[in-house]
Every structure is written in C-alpha cells, then in structure tokens.
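Just so it is clear: chains get the letters A, B, ... in the order the sequence lines come, proteins before strands, and each one is counted from 1. Model, not experiment: these values are computed from the prediction.
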There are 2 protein chains.
Amino acid sequence: MKKDNSAKQSLTKNQSLVLQALAEADQPLGAYELLNRLQPSGFKAPLQVYRALDQLVEKGLVHRLESLNAWTACCEDQHSYTPVFAICDDCGNVTEHFDEQLAGNIEKVTKRSGFTPDRSIIEIHGQCDDCGTITQS
Amino acid sequence: MKKDNSAKQSLTKNQSLVLQALAEADQPLGAYELLNRLQPSGFKAPLQVYRALDQLVEKGLVHRLESLNAWTACCEDQHSYTPVFAICDDCGNVTEHFDEQLAGNIEKVTKRSGFTPDRSIIEIHGQCDDCGTITQS
DNA sequence: GGATAAAATGTTAGGTTATAACATAGCCGC
DNA sequence: GCGGCTATGTTATAACCTAACATTTTATCC
C-alpha cells in the first residue's frame with residue numbers, strides 16, 4: 001500500500017473529483033455511475049473515470065470490489081494489512097475490516113505450496129446488522 | 001455448498017459439456033472462451049454458457065474467479081470450507097486450497113460488527129512455485 | 001525563465017463480459 | 001393429457017473496460 005500523508009494533497013483535479021464522489025456515496029459505485037455523477041463537473045468519457053480510479057487505487061485511497069465491479073473510498077485508517085470487505089447483499093452497504101491473524105493465515109495457506117503472495121482479495125457477502133435485525137422481527 | 005455424490009449424475013447436456021470443457025482446460029476459462037470451444041458441440045449464444053455456469057456453480061461443481069472474470073472446475077475434493085484460490089499472475093495457473101482456521105477467522109472478523117456471512121471470496125494473486133523458481137535462477 | 005521530459009488529460013473507437021425479454025421444448029407428478 | 005417446473009433457444013442490448021493517438025499540464029533541470 002503506497003499510502004502516505006501527502007497522498008491526498010497531490011491529487012489531480014480528476015482524481016479529486018472521483019475520490020470525492022466515492023466518499024460522498026454511501027455505497028460502492030460502478031465506473032459508469034461515477035461518470036453520470038461527474039458529468040456536471042465536465043467528465044465526458046469512461047476513460048476519464050477509469051484512469052482516475054487506477055491512480056487512486058495505486059495511491060491506496062480507493063479499493064476495487066471485484067465481486068461487484070465497483071469501487072469504494074478507502075476508510076481513513078492507515079493500513080498495511082489486506083482489507084476484508086463485508087458486503088450486504090440486501091442494502092448494498094460495504095464495510096472495511098482488518099485482522100492481522102487473517103492476513104497471516106493467507107500467507108500460510110499459499111506458502112505451503114511454494115506460492116509467493118502479492119495481493120489478496122477478500123470479500124464476504126452476507127447480511128449486515130441492520131438488515132438482519134429487520135428481517136428477523 | 002450444495003454438493004453431493006449425485007451432483008454429477010444429474011447434469012443436463014449443456015451442463016456436462018461446459019463442465020467437461022473446464023475440466024480439460026489447464027487454466028480458468030472466460031465465458032466467451034468456453035463458447036468458442038463449445039461451438040463445435042452446438043453452442044451458439046453466450047447465454048447458453050452463462051446459464052450452464054450458473055447451474056454448475058449452484059451445484060458446487062464450478063467456481064467463479066471474480067478477479068479474473070473466469071471459471072474453473074472444482075477440485076474433486078468434497079469441501080465445506082470456503083476455498084482459497086492462489087492465482088499465478090505469470091503463468092495463469094490457479095490452485096484451490098482449504099484452511100479451517102482461515103475460514104473461522106473470516107467469520108470472526110465480520111461477526112464482530114453483527115454481520116452474517118453467507119459466501120466468501122478469497123483470491124490471492126502472486127507467483128506460483130514454478131514461475132518463482134525460474135525467475136530466481 | 002526556457003528547454004525538456006514525464007505525467008495527466010481529451011477524444012474516438014472498439015473489445016469483452018453479462019443480462020433482459022420472450023418463445024419453445026422436455027420432464028414429472030397427478 | 002394437463003399443469004407446473006426446469007432447461008433451452010434466440011435476438012437484442014446493457015454494463016464494463018481498453019487501445020490508440022493527440023493534446024495539455026506539471027515537474028525538473030540548466
């Protein structure tokens with residue numbers, strides 16, 4: 001994770017706009033949904049969105065949710081561990097978690113077979129606290 | 001995982017063809033690559049492939065690799081734990097692993113926040129033993 | 001400050017991946 | 001055979017992503 005305190009300060013205009021749109025959303029957004037929201041700001045083509053997203057991911061300020069084809073602003077915490085995303089299939093809300101032990105387990109599982117891990121994707125689908133409580137009542 | 005011994009016996013024609021194509025491949029295949037390979041068998045439209053894939057995933061005979069937009073035949077083991085996929089970014093080879101502790105930790109991380117897990121996605125990108133050894137020599 | 005290189009942006013076009021909608025055909029229990 | 005269910009066929013379209021190339025902005029060095 002190449003994330004430091006200056007990361008946000010060195011953002012370009014497009015990067016800032018995309019990051020702000022993601023931060024204001026209460027759910028992960030697809031690239032074309034971002035494009036829709038940023039057209040008032042002058043965005044015209046998907047590539048403008050994709051390029052900004054790639055750069056923000058590189059800086060560690062945005063994560064891509066592989067199972068949703070969507071993107072979300074990183075929680076504000078500095079983190080070196082692989083994030084774990086909990087995705088509510090009812091309301092679409094996504095939360096970011098960390099666990100040192102879990103990160104260690106992943107290394108262990110693959111290294112048994114001589115595999116050298118680089119980046120990990122952990123996404124858990126289910127029901128968040130709010131939605132679970134509602135349906136049980 | 002709804003997988004039992006009779007799962008394979010109750011496959012329809014399209015499902016059998018898709019599963020066989022995946023089993024014969026030495027790498028995960030995309031839906032359109034599957035379509036190409038199955039056109040000699042009479043497949044004509046993407047939906048035929050996607051429907052068979054969905055049904056095979058439901059039966060637990062095929063897994064989808066979210067970060068590759070590709071699909072792979074399940075290893076033959078009966079498994080109740082969430083599979084962990086190790087994906088070599090050099091040669092494209094993918095291996096399926098299991099770890100009870102890892103599965104337990106994942107539940108733990110999300111349940112802290114009242115989340116009820118349903119299905120988990122764990123995909124680790126990196127370098128497999130073969131590719132790592134080669135580049136180091 | 002001006003030359004230069006690197007990074008970011010603009011724009012058009014096209015490729016890949018996945019689903020909607022509707023019609024048809026086979027299977028199974030009653 | 002009838003009704004309900006599952007699977008299939010087919011056309012069209014939506015959603016997601018990248019290539020290629022031109023232009024502009026930013027950073028750096030002298």
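Both stacking criteria are satisfied for Tyr32(B) over the base of dT17(C): a centre-to-centre distance under 5.5 angstrom and an angle between ring planes under 30 degrees.
Within the structure, the salt bridge (Lys or Arg N to Asp or Glu O under 4.0 Å) test picks out no pair touching residues 10-28 of chain A (sequence neighbours left out).
Distance Asp54(B) CG to dA20(C) P: 11 Å, rounded to the nearest Å. One interatomic measurement links the two molecules: NZ of Lys44(A) to P of dA22(D), which rounds to 20 Å at whole-angstrom precision. In this structure, CG of Leu35(B) is placed 14 Å from P of dT11(D), rounded to the nearest angstrom. Gln55(A) places its CD atom 13 Å from the P atom of dT18(D), with the value rounded to the nearest Å. For Glu33(A) and dA15(D), the CD to P distance is 11 Å, given to the nearest whole Å. The CG atom of Leu53(B) sits 15 Å away from the C1' atom of dT8(D) (whole-angstrom rounding). Rounded to an integer number of Å, the gap from CZ of Arg51(A) to P of dT18(D) is 12 Å. Between the P atom of dT12(C) and the CD atom of Gln48(A) lies a distance of 11 Å, rounded to the nearest Å.
Looking at the side chain of Gln15(A), the nearest of the listed nucleotides dA18(C), dT12(C), dT9(C) is dT9(C). Residue Trp71(B) has its side chain nearest to dA18(C) when only dA18(C), dT11(D), dC17(D) are considered. Distance from the side chain of Arg64(B) is smallest for dA18(C) among the nucleotides dA18(C), dT11(C), dC17(D).
Looking only at side-chain heavy atoms (C-beta outward), Gln15(A) and Leu19(A) stay at 4.5 Å or farther from each other.
Axis deviation across the helix from dG1(C)-dC30(D) to dC30(C)-dG1(D) amounts to 40°, comparing end segments of five pairs, rounded to 10 degrees.
A donor-acceptor pair under 3.5 Å is formed between the side chain of Glu123(A) and the backbone N or O of Ser67(A). A donor-acceptor pair is defined here as one N or O able to donate and one able to accept, closer than 3.5 Å; such a pair exists between the side chain of Gln48(A) and the backbone of Ala45(A). Remark: side-chain polar atoms of Glu96(A) are paired, donor with acceptor, to backbone N or O of Cys75(A) under 3.5 angstrom. In this structure a side-chain-to-backbone donor-acceptor pair under 3.5 Å is present from Gln27(B) to Cys91(B).
When the side-chain nitrogen and oxygen atoms of Asn69(A) are compared with OP1 and OP2 of dA18(C), none of them lie within a distance under 4.0 Å. Here Thr12(B) reaches the OP1 or OP2 of dT8(D): one of its side-chain N or O atoms lies under 4.0 Å away.
For the pair Gly30(A) and Leu47(A), both in contact range of DNA chain D, the more 5′-proximal nearest nucleotide belongs to Gly30(A).
Annotation for Val109(B): hydrophobic cluster partners, listed by chain and number, are Val84(A), Leu102(A), Ile106(A), Val109(A), Phe115(A), Ile122(A), Ile124(A), Val84(B), Leu102(B), Ile106(B), Phe115(B), Ile122(B), Ile124(B) (ILVMFWY side-chain heavy atoms under 4.5 Å, direct or chained).
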